[in-house]
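For clarity, every value in this text was computed on a predicted model and none was experimentally measured.
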Amino acid sequence: MGPIRDQHHFQLPKKKPNFYARVYEIVEQIPIGKVTTYGAIAEVLGMKGSSRMVGQALGALPEGSDVPAQRVINRIGALSGAHHFGGYDRMRTMLRREGVTFKGELVDMEEHFWDPKLISDTP
DNA sequence: ACACTGACCTCCT
DNA sequence: AAGGAGGCCAGTG
């Protein structure tokens, strides 16, 4: 179904780029137990190098959104957005509940990284 | 309209 | 190897 659902009554950008919405569409497809990175999302949107924009889009999400933003982390596996989930421990707990494992403070990227480029290839 | 802000990433010391 | 500077560009005030 439509990736962005009606419950998202917060304001999306009404102009053309629709950048936020495209970010959310990708994030919604990250499988449970997997994570991806800001950079990987930016790249698949054709905006390689604009990873900060992805973070900005996620930051605009209301709390309690069903967009699984906790599955987006930085390149090395650090929970750089932890502040938006009530701190590092809270975010780590959310991910652990989904089956994500850690190596110290960092997500085990070898095990859990999911590349959003896979979307295009698989129906 | 301008200036500044980011849940980042890559290059350059 | 570790840390800093700069780039990215859509929102916001």
For [X], answer base if it contacts any base atom (sugar-phosphate contacts may also be present), sugar-phosphate if it contacts only those atoms, and nothing otherwise; contact means non-hydrogen atoms under 4.0 Å.
{"X": "A/H83", "result": "nothing"}
{"X": "A/A69", "result": "base"}
{"X": "A/G39", "result": "sugar-phosphate"}

Worksheet item: If you draw a 6.0 Å radius around CZ in A/R92, do more than 12 non-hydrogen atoms from other residues or ligands fall strictly inside?
Response: yes

Worksheet item: Taking the side chain of A/R52 as heavy atoms from C-beta outward, which of B/dA7, C/dA10, B/dC8 is closest to it?
Response: B/dC8

Discussion item. As a test of reading the structure: which of C/dC9, B/dA7, B/dC8 is closest to the side chain of A/F85, going by heavy atoms?
Written reply: B/dA7

Discussion item. Taking the P atom in each of C/dG3 and B/dA7, what is the distance between them to the nearest angstrom?
Written reply: 22 Å

How close or far is atom [atom2] of [N] from atom [atom1] of [X], stated in whole angstroms?
{"X": "A/R71", "N": "B/dA7", "atom1": "CZ", "atom2": "C1'", "result": "16 Å"}
{"X": "A/M94", "N": "B/dA7", "atom1": "CE", "atom2": "C1'", "result": "13 Å"}
{"X": "A/E43", "N": "B/dT10", "atom1": "CD", "atom2": "C1'", "result": "13 Å"}
{"X": "A/R75", "N": "B/dC8", "atom1": "CZ", "atom2": "C1'", "result": "10 Å"}
{"X": "A/Y38", "N": "B/dG6", "atom1": "OH", "atom2": "P", "result": "14 Å"}
{"X": "A/N18", "N": "C/dC9", "atom1": "CG", "atom2": "C1'", "result": "16 Å"}
{"X": "A/I76", "N": "B/dT10", "atom1": "CD1", "atom2": "P", "result": "12 Å"}
{"X": "A/H84", "N": "B/dT5", "atom1": "NE2", "atom2": "C1'", "result": "12 Å"}

Discussion item. Measuring from atom OG of A/S65 to atom OH of A/Y24, what distance do you get when rounded to the nearest 0.5 angstrom?
Written reply: 7.5 Å

Practice prompt. Assign each of A/Q56 and A/S51 to its nearest nucleotide of DNA chain B by heavy atoms, then name whichever residue's nucleotide is nearer the 5' end.
Written response: A/Q56

Practice prompt. Output yes when A/R71 and A/E98 qualify as a salt bridge under the 4.0 Å nitrogen-oxygen rule, no when they do not.
Written response: yes

Item to complete: Decide whether A/L61 and A/V35 are clustered together by the hydrophobic rule: side chain heavy atoms of Ile, Leu, Val, Met, Phe, Trp, Tyr closer than 4.5 Å, transitively.
Response: no

Discussion item. Which residue in the set A/T37, A/I26, A/V23, A/I30 passes side-chain contact (heavy atoms from CB on, under 4.5 Å) when paired with A/V72?
Written reply: A/I30

